[in-house]
Amino acid sequence: MKNKYISMRKIIMLSFVLIMFFSVFFIGDMVFFRWISSTEKITEKMAFDINREIANRINLFMNVPMHINEVNGKLIERNLINLSSVRERDKYFLGIIQSHQDEIYSFTYGMENGTYVGARRNEKGEIQIVDNNSNTGGSSWYYSVNGDLTRGEVVLKTNKFDPRTRDWYISAKTLGKQTFSPVYKHFVMEDLTISASVPIFDGQGKLLGVLGTHMNLSNINQYMQEVVKEYQGYALVLEKDTSTLIANSFKGDNFTVLEDGSFKRNKVSDLNNEFISGIMEKYNTDQVETFEFLYQNTGYYVNVVNYHNDGLDWVIVSAIPSNLFTKEIYANMRLTGLIMIIAFLCIVIIYRVFIKWLFRPIDDLVLVSNQIAAGNLSTRASKIRNDEIGNLCLSFNYMADRIFELVNNLEDKVKERTKALEFANEEINRTKDSLFLILDSTAEGILGIDLTGKCIFCNNSCIKLLGYDSQENILGEHLNTILFHEVVSEKDPLNNNIILKCILSNEKVSAEEQIFWKADGTQISVAYHARSKLKNGEIIGAVVTFIDITERKEGEAKIKYLGSHDALTGLLNRSGYEDKVKEYDNPLFFPISIIFGDLNGLKLMNDVFGHGAGDMLIQKTAEVLKKACRDIDIAARVGGDEFIVLLPKTDAEEALQIMKQIKFEMSKERVFGIKSSIAIGFDTKDNSAQIFEKVMGNAEREMYKEKLLSKKNYSIDTIQSILKILYERNPIEKVYTGRVVSLSNRMGRKIGLTAHEQKRLTDVAYIHGIGKIVLDEEIFKKDELSEKEQFQMNQHPIVGFRILNLFDNTLDLADYVYALHEKWDGTGMPKGLKGEEIPFISRMMQL
């Protein structure tokens with residue numbers, strides 16, 4: 001018999017080793033090799049995403065001068081900038097240069113009469129004022145800038161210069177629209193230049209001049225190097241047709257200064273780079289707008305994009321090394337494999353020692369049982385260990401004693417036991433009936449289980465809560481199968497179930513929240529308690545009681561959500577944001593950046609279009625912030641029109657790009673046709689010494705600076721947008737407004753108004769009907785109006801008054817529009833003014 005057990009130990013040991021070996025092999029195959037495959041796919045996707053991001057960032061950089069021209073060209077065409085005033089003109093051009101420190105070096109305006117004005121940065125980065133007119137003899141004079149943004153002394157005088165002969169001027173004048181010029185040599189600095197220029201026309205379509213925003217190629221080159229620096233990759237921009245370099249991150253020269261002082265434009269071939277030459281050869285062969293690929297065996301993911309803009313036809317190439325992402329992953333995988341092998345060997349050794357120790361008392365117990373079976377009932381097993389096997393020896397000895405007694409007193413014991421058993425069965429049946437009645441009356445679900453985890457009892461509430469038809473569907477099934485729909489191991493039916501822990505250790509087990517499965521495959525949330533069932537001090541099973549807490553849990557979740565989120569947008573509210581600040585103000589998340597935003601135009605939407613429009617604007621803003629945010633970022637609405645974006649692990653450069661993306665996305669949103677915008681500022685906390693509240697205060701101050709600088713442009717764009725929408729809905733209104741403006745101009749000149757009064761009269765005539773934006777579009781189509789519709793029409797001066805009062809540059813016009821429907825005899829509206837109480841300009845408009 002002993003030899004048989006020795007053989008069994010060998011079988012168990014061999015089985016264990018084989019199972020462990022194949023487990024490690026298959027797990028290694030599934031985990032490591034599939035991990036490698038997944039890592040390569042993820043790496044490829046990340047590299048391609050980064051390449052596309054590089055191309056997008058270069059595109060955004062090149063759009064900056066176009067945007068500057070578009071905004072400021074409108075200001076000059078509408079005479080909102082007094083270019084005849086030297087002081088006002090200088091501050092205007094200096095303000096543009098100061099607002100765009102990294103993108104442009106010069107912002108100028110050349111006129112048809114040869115005058116050339118503007119501002120620039122010199123080679124040292126110092127800002128200077130440029131002036132070229134009859135007083136300078138046709139030469140460009142450069143002035144230093146005082147602290148109050150006025151011109152100082154002349155620091156440089158150049159040779160004769162006529163802007164009308166420059167490529168950027170000629171390109172815009174010839175095309176009659178905004179465009180990029182060809183690349184040309186700067187006439188002062190040793191650098192190549194590209195300019196975005198837009199023609200400026202007067203009201204009759206006559207060309208007044210060309211507005212130019214100028215960028216040095218060295219600036220673009222530096223920007224290119226900064227874009228790819230963090231990725232350890234390469235990027236370059238070149239002209240598509242000629243392969244001439246525009247910018248590159250290789251620190252190669254885009255041009256060469258020859259011995260005679262002239263400039264030679266370099267091409268891709270001049271870089272002497274086989275890697276780039278191979279990429280361009282593939283691009284020239286495929287001839288597609290954009291493509292991505294892993295370039296040969298170089299380990300670089302390459303993205304090639306055709307970039308088209310007014311006057312530009314470029315190619316943007318970027319390459320990111322694949323090992324940027326995978327180097328540390330492969331090192332960790334090798335270390336993990338080594339640890340698994342060592343752990344496997346240790347487990348085999350420990351298991352071998354354990355088996356030998358475990359089977360020693362069993363061999364002794366087998367020997368004693370063979371002697372008792374042979375008739376030697378006085379033989380007993382010795383207890384050699386104080387554990388479960390030792391207890392088994394005691395139980396075996398107790399069994400041997402009882403067998404010895406039964407053999408000697410068998411008949412009497414049988415009769416006595418039979419009578420006691422009959423009486424006990426009667427008592428059990430009576431108690432069982434009463435117990436079942438009580439258990440079926442409770443609201444809690446109750447399950448009784450045996451030592452193997454199988455159900456031996458369930459009450460009516462249990463059947464109902466779990467969605468079964470009767471007890472027959474539950475009795476005899478394992479607890480894991482009933483509550484969790486899991487397959488139960490026959491070798492270890494109590495494994496992996498904390499509820500059954502009470503059977504193994506007589507511990508009380510409970511949980512205030514747990515998921516149970518119903519018969520139909522749905523889930524319910526429950527609170528449960530599990531207790532061991534004892535008999536004579538021994539565990540014979542367990543009882544599980546539970547109640548359905550699904551509705552309570554849903555209510556608690558809803559209350560918790562509403563307490564930390566804004567009901568209108570779904571973003572965090574101030575309370576939720578402050579909780580996140582406590583979590584994220586931690587060195588693990590440094591650097592952490594804060595973007596503070598204040599929504600423009602909310603009061604306009606609420607006052608003119610109603611609070612529904614204001615809510616729509618707030619919701620669109622929230623959608624833009626969610627779109628711009630990454631998974632780790634936090635967006636919150638902390639006030640009526642105030643928003644905060646928390647950016648963990650984000651430095652100032654990354655925060656600036658996210659901020660630009662938010663502004664760009666906001667500029668595409670429209671509410672009732674009106675362009676949305678938001679004033680934004682940000683600051684970054686780099687270390688624990690900085691106070692979070694102070695950093696947030698800095699971000700808020702930066703936001704207010706931008707709001708102040710863009711206030712005038714926003715008001716002009718908003719007024720123009722409202723008028724454009726009005727004219728699109730009712731084209732006759734545009735014709736009517738034009739006639740009113742013409743008549744007002746003629747009348748003002750006829751009665752001898754001053755230039756200031758004449759301008760004010762013209763401005764009022766131009767915007768006097770702005771309040772009609774709130775009228776139903778059908779009203780404009782009717783020849784006769786009902787009393788109600790006429791009343792609505794008469795309200796438009798009041799609406800116009802509210803709109804114009806929202807902007808500083810139209811505030812002085814609001815009262816004139818407000819009084820347009822007043823009458824000389826006092827019967828007008830809204831105030832009932834009469835005679836000279838009505839403002840003079842309002843009376844002229846009524847004529």
How many angstroms lie between [atom1] in [X] and [atom2] in [Y], if you round to the nearest 0.5 Å?
X	Y	atom1	atom2	value
Leu646	Lys685	CG	NZ	11.0 Å
Ile200	Asp202	CD1	CG	11.0 Å
Arg78	Ile716	CZ	CD1	7.0 Å
Arg729	Tyr727	CZ	OH	13.0 Å
Met605	Leu599	CE	CG	9.0 Å
Thr718	Asn713	OG1	CG	10.0 Å

Are [X] and [Y] ion-paired here, with the side-chain N under 4.0 Å from a carboxylate O?
X	Y	result
Glu665	Lys627	yes
Lys705	Glu702	yes
Arg265	Asp270	no
Lys675	Glu669	no

Can I get a per-line list of side-chain donor-acceptor pairs under 3.5 Å for residues 61-76, giving both atom names and the distance, sequence neighbours left out?
residue : atom : partner : partner atom : Å
Asn63   : OD1  : Asn309  : ND2          : 3.2
Asn63   : ND2  : Asn59   : O            : 3.4
Asn69   : OD1  : Thr213  : OG1          : 2.5
Asn69   : ND2  : Gln178  : OE1          : 3.2
Asn69   : ND2  : Ala196  : O            : 2.6
Asn72   : OD1  : Tyr92   : OH           : 2.7
Asn72   : ND2  : Ile68   : O            : 2.7

Quiz item: Which one of Phe107, Tyr184, Trp168 satisfies the ring pair (Phe, Tyr, Trp, His ring centres under 6.0 Å) criterion with His214?
Solution: Trp168
What is the minimum heavy-atom distance between [X] and [Y], and which atoms define it?
X	Y	result
Leu312	Ser181	CD2-O, 4.5 Å
Val145	Ile127	CG2-O, 3.3 Å
Tyr169	Gly209	OH-CA, 3.7 Å
Ser676	Val671	OG-CG2, 4.0 Å
Val645	Cys629	CG1-SG, 3.7 Å
Pro591	Asp686	CB-OD1, 3.4 Å

Quiz prompt | salt bridge (charged side-chain N to carboxylate O under 4.0 Å, His left out) between Lys173 and Glu112, worked out | solution = CA-CA 10 Å; Lys173 180 177 179 179; Glu112 274 292 273; 3.5 Å; yes
Looking at [X] and [Y], would you say the former's side chain and the latter's main chain have a donor-acceptor pair under 3.5 Å?
X	Y	answer
Asp162	Arg164	yes
Ser195	Ser197	no
Thr650	Ser593	no
Asn266	Asp253	yes

Could you tell me whether [X] atom [atom1] has more than 12 heavy atoms of other residues or ligands within 6.0 Å of it?
X	atom1	result
Phe201	CZ	yes
Lys206	NZ	no
Lys707	NZ	yes

Practice problem: Answer yes or no on whether Arg120 is positioned over the face of Tyr105, meaning its NZ or CZ is under 6.0 Å from the six-membered ring centre and within 45° of the axis. | Solution: no
Exercise. List for me each residue that meets salt bridge (Lys or Arg N to Asp or Glu O under 4.0 Å) alongside Asp633, sequence neighbours excluded, and say none if there are none.
Key: Arg630
Quiz item: Does a side chain donor of either Thr179 or Asp310 reach within less than 3.5 Å of an acceptor in the other side chain?
Solution: no
Practice problem: Begin with the C-alpha distance, continue with both residues' side-chain angles, and end with the deciding distance and a verdict on side-chain contact (heavy atoms from CB on, under 4.5 Å) for Asn248 and Val237. | Solution: CA-CA 6 Å; Asn248 69 87; Val237 180; over 6 Å; no
